[in-house]
Structures are given as structure tokens and as C-alpha cells.
Amino acid sequence: MTALPERVEAFVREQGLIEPGGAVTCLVSGGPDSTCLWHVLRELGYRVSAVHVDHGLRGAESDEDARFCREVLGAEVLHAGEVLPPGNSEAALRDARYRLTEGRGLRATGHTASDQVETVLYRLVSSGSTRGIKARREDAVVRPLLSVWREETEAYCRERGLAFRVDSSNAGSRRGLIRDEILPLLRRLHPGADRNLLALADEPPRLPRKLERALVELLSSTAGTKSADLGGGVRAVREYGVLRLEGSVRFGPWRLESDLPGLRVRTRRPGDRLAGRRKKVQDVFVDAKVPRRDRDAWPVVVSGDEVVAVPGLAEAPGWEGSVRAWKDVQP
């Protein structure tokens, strides 16, 4: 089997997660996954910094995690404080970490193939969806270890003498239930359970059931004009045999609108250029003096694989005025 760092680098290149030699902030907990992430990305030549968010929920154990990350991984320690949500669910705590670390450019987390399997299984039984963890989120959070299993990150740390922390609260969590009880039973049914569940994450995503029903009803006839609210400020309008989407899209602090079909919004990728021009998106940011920390979260509008607009900064020839954009002003 190919060595772990080479597999991580291949995945990063395949998914366009980090520019060669680029800067990335690792969100570290002190566990084997994030410790492995921090070490591997440094070994691969990326400019790595680290941040640890201390939620303060486990008393002395939380304090020791923070000390470990600061002293061993060189992490800046942030205290969650007022951003902690009520209930402290796993998803809410994760979102709090992302909010607290916004504005730091590209961020990387230690999610592995094992986390992907657990996520797919939970979503399958809770909502009928097999949607997995994204390799790259729209808010510039990337997951370089999604091709690596949890057992491999622990082995990597041990082989290199890297200390790591063990979170005692994992066992009592929803993810811990799946990891410690449900998956072992599924492996007794079939030894390939993990890899088969992992394969589901690569399948094309299904629409949410409510949205699916709305579209089926909308398309059940081609007579006259009919519309359906799809949520999020988007409306589907059918006029006889033609369907179009209307409305606005939220992307971080941005609100984007267009009357043209087929446009998508994402963050920049290595090598992006404006359609019909030789100018790189990277150069657009430099010319506009956009701070480095903001570039990886800036929206990029694409048609197919072509960049047609960098909202607020540049538009490709022939696409002038095709995208209307507003950015919220923070108080």
C-alpha cells in the first residue's frame, strides 16, 4: 500500500484542496486524527499553523487538551465562551468551531474515511440520505484525510513517536454509539460493511424528500404556469414545458442573484482563470488587494468548469452584469 503521506497528497491534488506549498490552518483537538493531519501536511511542505478551540466542557481534561495543543502542536488556543450553543450537540459544537475560526483563510480538519462511514450510516437511518462529508466546504474548510482510516492515523502517530490525546466523551456520543456498537454488529453481518458504506458517499446526492415532492408535483403537468417554493429564497417556475429557478443564493456573508440558468457558486481552486481571459483568479485577488485570509472564502461563480465572475471584483468577457452580488457589512 502507498505510504500515508503520498495518499494524502494525491487526494489533496485530486480534490484541489490546497495549493502546492500553500498556507493552511489545522483545527486540532489533540487526538490522533488532527495530530496526524498537522504532521503530514508539514511533511508535505505546506505552510501549517494550528488552532485549538477549547469548549471547556470536560473540566481538567479540556484544560489538558488545550495545554497539549498549545505546547506540542504550537496551536493558538481559542475559548468558545459565548459562541457555545444551547444543548451542545456534536453538530452545534462543530459549527461553533467553524464560526470562531472564520477569517483565517483555508482551514483543515482531521475527518477520516472512518468518520465518513459513521456519517453516512447516521444520515441513512435518520433521513434516508447517503450524503457524506464534503472534502471541501463552501466556507473554505477542507478535509485532506478522507481517504485515510482512523486506524491508520493512530498507527502513523505511533510509528513516528507522536503523542496524542484521547477524548473520553467520545464513547457516550451518538458517533461513539455507531463506532462502538452498531458498526461492529454490521461487520459481523459482512466484513466489507465499512467499505460498502463508504462507497455510498460517492453516489450522486438525492434531493430532500420535501423538495423532491414539490418538484414532482410541479412537473406532473405541462399545462399553464405553476411555481413552487424550494426554500432558501429560491423558487421553481414552470411555464408550459420550460422550468427555471428564480431567487437568490446565500454564500457566507454574500447574497448572489442571476437570471441565467446553470450557474454554480464555490470557492477558488488552484489554477482557476476567468473564462476567455488568461488572468488567474489569484491575480484578481492580488490586484484588488484582498487580504490572504479572505481569499479562500470568497465566492467564485462558474458555468460548467469556467469561472465567469468573482463577485465584487471581476467578470469574464460576455458575462458582464450576469451576476448581482451584495455583501453584508459587519457592524
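Using a cutoff of 4.0 Å between basic side-chain nitrogens and carboxylate oxygens, E152 and R7 are scored as salt-bridged. Ion pairing between a basic and an acidic side chain is recognised when a charged N comes within 4.0 Å of a carboxylate O; E19 and R295 show no such pairing. Between R150 and E118 there is a salt bridge, since a side-chain N of the basic residue sits under 4.0 Å from a carboxylate O of the acidic one. The pair R158-E154 counts as a salt bridge, with a side-chain nitrogen and a carboxylate oxygen less than 4.0 angstrom apart. Using a 4.0 Å cut-off between charged side-chain N and carboxylate O, D272 and R266 make a salt bridge. Remark: D63 does not engage R58 in a salt bridge, criterion side-chain N to carboxylate O under 4.0 Å. The existence of a salt bridge linking E76 and R104 is confirmed by a sub-4.0 Å separation between a basic side-chain nitrogen and an acidic carboxylate oxygen. Salt bridge status for E257 with R255: present, with a side-chain N to carboxylate O gap under 4.0 Å.
Using modelled atom types and a 3.5 Å distance limit, the side chains of D65 and S62 yield no donor-acceptor pair. For the residue pair T267/R136, the side-chain donor-acceptor check at 3.5 Å is satisfied. If you check the side chains of Y156 and E151, you find no donor sitting under 3.5 Å from an acceptor. Judged by distance alone, the side chains of D33 and T153 do bring a donor and an acceptor atom under 3.5 Å apart. Side-chain polar atoms of R107 and T25 form no donor-acceptor pair below 3.5 angstrom.
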*Applying side chain to side chain contact (heavy atoms under 4.5 Å, CB included), run through L263 and V302 and close with a yes or a no.*
CA-CA 6 Å; L263 299 184; V302 298; over 6 Å; no
*Apply the test side chain to side chain contact (heavy atoms under 4.5 Å, CB included) to residues D194 and R187: give CA-CA distance (whole Å), side-chain angles for both, the deciding distance (0.1 Å), then the verdict.*
CA-CA 8 Å; D194 292 80; R187 292 176 193 128; 2.6 Å; yes
*asked:* Apply side chain to side chain contact (heavy atoms under 4.5 Å, CB included) to residues K279 and V284 and explain how you reach the verdict.
replied: CA-CA 7 Å; K279 190 167 191 176; V284 171; 4.2 Å; yes
*Criterion side chain to side chain contact (heavy atoms under 4.5 Å, CB included) on H55 and R97, from CA distance to verdict*: CA-CA 9 Å; H55 296 296; R97 289 193 293 274; 3.1 Å; yes
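Between S147 and F11, the shortest heavy-atom contact is OG-CB, 3.9 Å. The shortest heavy-atom contact between W149 and S114 is CE3-OG, 3.4 Å. Scanning both residues, P5 and V40, for their nearest heavy atoms gives CA-CG1, 4.1 Å. The two residues V323 and A309 have their closest heavy-atom pair at CG2-CB, 4.3 Å. Residues P311 and P299 share a closest heavy-atom pair of CD-O, 3.1 Å. Taking all atoms of both residues into account, the shortest heavy-atom contact from S322 to S258 is O-OG, 2.7 Å.
For the pair R42 and W38, the cation-pi test (distance below 6.0 Å, angle within 45°) is passed. For the pair R175 and Y122, the NZ or CZ position fails the cation-pi test of under 6.0 Å to the six-membered ring centre and within 45 degrees of the ring normal.
Linking ILVMFWY residues whenever their side-chain heavy atoms come closer than 4.5 Å, directly or via other members, leaves I133 and L198 in distinct clusters. There is a path of hydrophobic side-chain contacts, each under 4.5 Å, that joins L73 to L44. Under the 4.5 Å side-chain heavy-atom criterion for Ile, Leu, Val, Met, Phe, Trp and Tyr, V141 and V8 are members of distinct hydrophobic clusters. Hydrophobic cluster membership is shared by V142 and L4, with clusters built from Ile, Leu, Val, Met, Phe, Trp and Tyr side chains linked at under 4.5 angstrom. Linking Ile, Leu, Val, Met, Phe, Trp and Tyr whenever their side-chain heavy atoms come within less than 4.5 Å leaves V77 and V28 in two separate clusters.
In this structure, V310 and F285 have side chains that are in contact, with non-hydrogen atoms separated by less than 4.5 Å. Looking at V265 and E138, their side chains never come closer than 4.5 Å, going by heavy atoms from C-beta outward. Between L186 and H190 the shortest side-chain heavy-atom distance does not fall below 4.5 Å. In this structure, L177 and I182 have side chains that are in contact, with non-hydrogen atoms separated by less than 4.5 Å. Residues V301 and V307 have side chains not in contact (no heavy-atom distance under 4.5 Å, counting atoms from C-beta outward).
For F68 and H52, the ring centers are positioned 6.0 Å apart or more.
Taken from NE2 in H111 to CG in L146, the straight-line distance is 8.0 Å, to the nearest 0.5 Å. Rounded to the nearest 0.5 Å, atoms NZ (K280) and CG (D287) are 13.0 Å apart. Note: L41 CG to C26 SG = 5.0 Å, rounded to the nearest 0.5 Å. The distance from atom CZ of R143 to atom OG1 of T112, rounded to the nearest 0.5 Å, is 11.5 Å. Rounded to the nearest 0.5 angstrom, L256 CG and K327 NZ are separated by 11.5 Å. Atom CG of L106 sits about 4.5 Å away from atom CG of D296, to the nearest 0.5 Å.
In this structure, S34 contributes its side chain and S29 its backbone to a donor-acceptor pair below 3.5 Å. Remark: side-chain polar atoms of R131 are not paired, donor with acceptor, to backbone N or O of A201 under 3.5 angstrom. The closest donor-acceptor contact from the side chain of W254 to the backbone of W298 lies at 3.5 Å or more, if one exists at all. The closest donor-acceptor contact from the side chain of R264 to the backbone of G304 lies under 3.5 Å. S220 places a side-chain N or O within 3.5 Å of a backbone atom of E217 that can act as its donor or acceptor partner.
At most 12 non-hydrogen atoms from other residues, nucleotides or ligands lie less than 6.0 angstrom from CZ of R292. Within 6.0 Å of atom CD in E64, more than 12 heavy atoms from other residues, nucleotides or ligands are found, so the atom counts as buried in its surroundings. Within 6.0 Å of CZ on R293 lie no more than 12 heavy atoms contributed by other residues, nucleotides or ligands.
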